[in-house]
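First up is the structure itself, then whatever we jot down about it.
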Amino acid sequence: MDKLGIALTAAVLLAASPAAPTADEVIQRNIEARGGLAKIKSVQSMRLTGTMSVEGQDMLSTLEIKRPNKTRWEFTVEGATAVQAYDGKTGWTVMPFAGKTEPESMSADDLKDIELQADMDGPLVGYKAKGNRVELVGRERVGEREAWRLRVTLTNGDVREIYLDVKTNLQFLTVTRRTIEGKEMEVESEIGDYRDVNGVLLPHSFEARAKGASQKQTLKFDKIELNVPIDDSRFRMPESKKPVEKPDPAPAVS
C-alpha cells in the first residue's frame, strides 16, 4: 500500500472511531440509567432499612432522607440506638456506644459527610447549580470493568473520584480522601446490587474500606421505600434531657 493509501485508510479509521464523550454526556447516561431525571426528582423522601456490619458486629440500620437536604441514620445493637442526623443546617449525633446519650453537634468533617448524604440525587445531578465541578478524567479498567472516571470537586473543596460502568452507566466505585485518626488516607466505597424501586434504579449494597486495609464496613438494605411520610421533627436536634445544674447558693453575708 502506498503512502496515499495508508493516509486514506487512517483517515477512514479515525472518522469511524467514536469520539470520547464529554463529562455532561457521561452524567446524562448515568441519569437515564437510574430512571431519568423526572423519576429521580419525583422522589421526595426515602426510607432504607437493612443491616450494617463492622468488624463482624451486625447492627440493624435505618436511613431516612427527605428533600430538601434532610437525613437521619439510626443503627441499633444490643438495645442501644445511635443517631446521626441533619436538618439542612445542623448536624448532630447521639452515640450511646461511646457513653454519649445526649445529642451533640457534629464535627466539621462529619458535617461535610452528612451534607452529602442528605443530597438525595447525589453530586452529579444538577452539579453546576450545586457549585460542584466535574472533570472527565478518562476511561479506565477497574478489575473486570471498563469505567468512566469522573473527578468531582464539591463546593466545600473536597475531591472524590466517581467511577461509572461503561456498559451499565451506573456508579460502582467512589474514592475519597479522609483523615482518620490524624492520618490522611484514601477510602474506597463499592456500590452495587441495583434494584428497580418504583421505576428508579437504586443500589442496595455499600462496602467501604481504607485503601489497602482488610477491615471494612458494609451496609446492605433489604427494603427501600419511596415517598413515605416523614415528619421534619425527625431531623431536628432535640433538646438535652440532662438536668441543668443549679449553682450553689451564695453564703449569707452578716
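- Within 6.0 Å of NZ in Lys223 there are 12 or fewer heavy atoms belonging to other residues, nucleotides or ligands.
- A donor-acceptor contact shorter than 3.5 Å links the side chain of Asn132 to the backbone of Pro123.
- Note on Ile27 and Val200: separate hydrophobic clusters, where clusters join Ile, Leu, Val, Met, Phe, Trp and Tyr whose side-chain heavy atoms are under 4.5 Å apart, directly or indirectly.
- Using a 4.5 Å cut-off on side-chain heavy atoms (C-beta onward), Phe172 and Val142 make contact.
- Under the 3.5 Å distance criterion, the side-chain polar atoms of Glu104 are left unmatched by any main-chain donor or acceptor of Thr101.
- Around atom CZ of Arg195, more than 12 heavy atoms belonging to other residues, nucleotides or ligands sit under 6.0 Å away.
- Hydrophobic clustering places Ile224 together with Ile191 (ILVMFWY residues linked when any side-chain heavy atoms are closer than 4.5 Å, directly or through intermediates).
- Comment: Glu207 engages Arg209 in a salt bridge, judged by a side-chain N to carboxylate O separation of less than 4.0 angstrom.
- Taking both residues in full, the closest heavy atoms of Asn169 and Asn30 are given as O-ND2, 2.9 Å, listed atom of the first, atom of the second, then distance.
- Salt bridge annotation for Glu146-Arg139: present, with a cationic side-chain nitrogen under 4.0 angstrom from a carboxylate oxygen.
- No donor-acceptor pair under 3.5 Å is formed between the side chain of Thr81 and the backbone N or O of Phe75.
- No side-chain heavy atom of Asp113 sits under 4.5 Å from any side-chain heavy atom of Met106.
- When atom types are taken as modelled, the side chain of Thr93 and the backbone of Met95 share no donor-acceptor pair closer than 3.5 angstrom.
- Closest of all the heavy-atom pairs between Val228 and Met46 is CG2-C, 4.4 Å.
- In terms of hydrophobic clustering, with Ile, Leu, Val, Met, Phe, Trp and Tyr side chains grouped at heavy-atom distances under 4.5 Å, Val134 and Leu136 are assigned to a common cluster.
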**Report entry** Evaluation steps, side chain to side chain donor-acceptor pair (under 3.5 Å), between Ser107 and Asp109
**Finding:** CA-CA 5 Å; Ser107 67; Asp109 286 339; 5.6 Å; no
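- Counting all heavy atoms, side chain and backbone alike, Met120 lies closest to Ile65 at CE-O, 3.7 Å.
- Nearest heavy-atom pair, Ala80 versus Pro96, reported as atom, atom and distance to 0.1 Å: CB-CG, 4.1 Å.
- Proximity of Thr62 to Arg47: side-chain heavy atoms (C-beta onward) are separated by under 4.5 Å at one or more points.
- Listed for the Asp193 side chain is no donor-acceptor partner under 3.5 Å among the backbone atoms of Pro203.
- Electrostatic pairing of Asp121 and Arg67 counts as a salt bridge here, judged by a charged N lying under 4.0 Å from a carboxylate O.
- Not one N or O on the side chain of Asp58 forms a donor-acceptor pair closer than 3.5 Å with the backbone of Ser53.
- Judged by distance alone, the side chain of Tyr127 and the main-chain N or O of Asp24 form no donor-acceptor pair under 3.5 Å.
- The local environment of CD in Gln57 is crowded, with over 12 non-hydrogen atoms from other residues, nucleotides or ligands closer than 6.0 Å.
- Residues Trp73 and Phe97 share a hydrophobic cluster, clusters being chains of Ile/Leu/Val/Met/Phe/Trp/Tyr side chains in contact below 4.5 Å.
- Looking only at distances, no side-chain donor or acceptor of Thr176 sits under 3.5 Å from a matching main-chain atom of Arg160.
- Between Ala210 and Met185, the closest heavy-atom pair is CB-SD, 3.5 Å.
- A salt bridge does not link Asp222 to Lys220: none of the charged side-chain nitrogens sits closer than 4.0 Å to a carboxylate oxygen.
- A salt bridge between Arg72 and Glu74 is present, with a side-chain N of the basic residue lying under 4.0 Å from a carboxylate O of the acidic one.
- Geometric assessment of Arg145 against the ring of Tyr163 yields a negative cation-pi assignment under the 6.0 Å and 45° thresholds.
- Between Asp158 and Lys112 there is a salt bridge, since at least one side-chain N of the basic residue sits less than 4.0 Å from a carboxylate O of the acidic one.
- Residues Phe221 and Met59 share a single hydrophobic cluster, defined by chaining ILVMFWY side chains whose heavy atoms lie under 4.5 Å apart.
- Of all non-hydrogen atoms in Val197 and His204, the two that sit nearest each other are CG2-CE1, 3.9 Å.
- Judged by distance alone, the side chain of Trp148 and the main-chain N or O of Ile162 form no donor-acceptor pair under 3.5 Å.
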